[in-house]
Amino acid sequence: MASSKAITCLKFPFESSRLVRSFEESQTLLLAARAKALAAEGRSIINFGAGEPDFNTPAPIIERAFLEAKKGQTKYTAVAGMPRLRKAIAKRFSEDYGILFEENEVLASSGGKQAIYHFLQTVIEPGDEVLILSPYWVSFPEMVKMVGGRPVIVSAKGERILASEIREKLSPKTKVLIINSPSNPSGTVYSENELRSYIEVIAQSPIWILSDDTYYKLVYPPARFVSVLQVAPDLRTRTCIIGSASKSYAMTGWRLGWALAPKDLIAAMTKLQSQVTSSPATPPQIATEEAVLNGSDAAEDFRKTFLGRRDLMLKTLEGIPGLRCMKPDGAFYIFANIREALKKDDVVEFSKSLLEDRGVCVIPGIAFGDPNSIRLSYALSEDSILEGLKRLKEALHLRL
Ligand code: PLP
């Protein structure tokens, strides 16, 4: 029988591991969470912070996953994803890129984010350097740190990154070049000539390309999406393409993304995934199969809606003095330099007060490597866009 004497246990203060202390929490998610909390309190919040489409997942996609779940598709799947999903992704990209992909060159993961992490964890040794073009998606440098690598940021002196600026940052330790086109946060779509010039810099060195093509379906003519593999098919053995159901098919909450890469790399990433998550969730895999096979029309409707909103944003932003932005050719973000309008004021402080005082959420550019800018997502209705930009203009006018 157990003794009734209480056991005294040592109590010690919580301290997270060195690894967790070594990187930053996602600033975009933090601010978005604050915006949601204020909205839940009943405040009128205009959220330019969202990194996700405001549309619902198209009904046929939801229905397919629901029907199959009801029929018993609720078990673990193969680690790399259901063969039928991997085949469907390979088919979509074979058609869209004009390059033949096989099922064993596809890994389905719990979001593109996880696929990127698995890639970095699989190829990076401690101290390896990863070239990241600025402004960059918040998670790239932090994920590189998490796997023991060193992010090396390449900034443009002019409006766009030049090949010479990449060359200046090359070192014998460079292991990966990350290209994200269209880019989050700037919406930049790299042209064929730009990609060619970047690839020439690294062609003769043992460097991987991580091509984050998450937004490849959201491109606005005359810009045209070009894959690094179309520019240099020879890169096939050292390129990992990242894709996601999140943005193109309005499926952020389903958490399903993928990597397309040489089969040896996919096998190694699968080994890692087997110990981390076993496999992505089953109903989202079924939903994604439906999306990539039959969701192109819905994706095209979303793209057209975003295009209309981009043009509305650009036209309205023109009326705000002291704010400068490049016309984004893709994704659903505008990255605007606000330095002139703010004078010496801090962008982070301004963003916080904009949210607290006027109910407008924007993401400070520092999260993307540029302390003078803010990122405005246009994943919100035209009415909300007009109201939000009106409030932003008022807040800035008070400072001018
Ligand atoms: N890559 C970029 C550039 C992104 O902006 C995002 C999401 O914001 C992702 C990857 C990951 O998306 P998900 O994990 O939802 O597939």
Side-chain angles (χ1 to χ4, degrees), residues 25-33 47-55 57 61 81 85 89 92-93 106-120 130 132-144 146 151 176-190 209-219 225 227-228 240-260 269 273 276-277 280-281 284-285 287-288 291-292 295 299 302 306 328-335 363 365 367-369 375-379:
E25 191 163 354
S26 166
Q27 292 304 310
T28 50
L29 294 184
L30 271 181
L31 257 154
N47 192 356
F48 290 114
E52 59 182 343
D54 51 323
F55 319 115
T57 302
I61 296 176
L85 170 64
I89 294 170
R92 167 65 30 247
F93 279 74
V106 179
L107 168 76
S109 274
S110 305
K113 210 171 196 172
Q114 192 182 48
I116 296 169
Y117 183 76
H118 285 346
F119 166 76
L120 292 170
V130 177
I132 300 173
L133 312 186
S134 179
Y136 46 76
W137 180 47
V138 268
S139 296
F140 291 141
E142 304 314 311
M143 284 201 209
V144 170
M146 284 162 77
V176 177
L177 166 65
I178 301 184
I179 292 180
N180 172 215
S181 179
S183 145
N184 175 6
S186 64
T188 300
V189 176
Y190 297 104
I209 293 197
L210 177 66
S211 184
D212 182 344
D213 300 358
T214 294
Y215 297 91
Y216 84 99
K217 276 190 173 296
L218 290 170
V219 174
F225 172 78
S227 158
V228 284
C240 176
I241 293 171
I242 298 296
S244 171
S246 290
K247 320 286 176 170
S248 308
Y249 307 105
M251 291 177 64
T252 46
W254 297 80
R255 309 307 305 124
L256 208 299
W258 52 84
L260 289 159
M269 290 166 68
Q273 180 156 291
V276 178
T277 49
Q285 290 192 53
T288 301
V292 296
F302 295 153
F306 279 133
D329 286 323
F332 43 77
Y333 311 104
I334 289 190
F335 203 54
I363 309 291
F368 311 97
R375 189 194 74 176
L376 298 141
S377 147
Y378 44 91

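Ligands are counted one by one from 1 in listed order, and the atoms in each one are counted from 1 as well.
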Note every protein N or O atom lying under 3.5 Å from an N or O atom of ligand 1, pairing the names and giving the distance.
| from | atom 1 | to | atom 2 | distance (Å) |
| --- | --- | --- | --- | --- |
| ligand 1 | 1 (N) | Asp212 | OD2 | 2.6 |
| ligand 1 | 1 (N) | Thr214 | OG1 | 3.4 |
| ligand 1 | 5 (O) | Trp137 | NE1 | 3.4 |
| ligand 1 | 5 (O) | Asn184 | ND2 | 2.8 |
| ligand 1 | 5 (O) | Tyr215 | OH | 2.8 |
| ligand 1 | 8 (O) | Lys247 | NZ | 2.7 |
| ligand 1 | 14 (O) | Gly112 | N | 3.2 |
| ligand 1 | 14 (O) | Lys113 | N | 3.0 |
| ligand 1 | 14 (O) | Arg255 | NH2 | 2.8 |
| ligand 1 | 15 (O) | Ser246 | OG | 2.6 |
| ligand 1 | 15 (O) | Arg255 | NH1 | 2.8 |
| ligand 1 | 16 (O) | Gly112 | N | 2.6 |
| ligand 1 | 16 (O) | Ser244 | OG | 2.6 |
| ligand 1 | 16 (O) | Ser246 | OG | 3.3 |

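In terms of modelled atom types and a separation under 3.5 Å, the side chain of Lys217 and the main chain of Lys247 share no donor-acceptor contact.
Between Tyr216 and Phe93, the angle of the ring planes lies from 30° to 60°, which puts this pair in the tilted group.
In this structure, the side chain to side chain contact (heavy atoms under 4.5 Å, CB included) partners of Asp329, at least two apart in sequence or on a different chain, are Val189, Ala223, Arg310. For Lys113, the salt bridge (charged side-chain N to carboxylate O under 4.0 Å, His left out) test picks out no residue, with sequence neighbours left out. With sequence neighbours left out, Ala287 forms a side chain to side chain contact (heavy atoms under 4.5 Å, CB included) with Ile61, Ala65, Met251, Trp254.
The distance from the CG atom of Leu256 to the OG atom of Ser244 is 8.0 Å, given to the nearest 0.5 Å.
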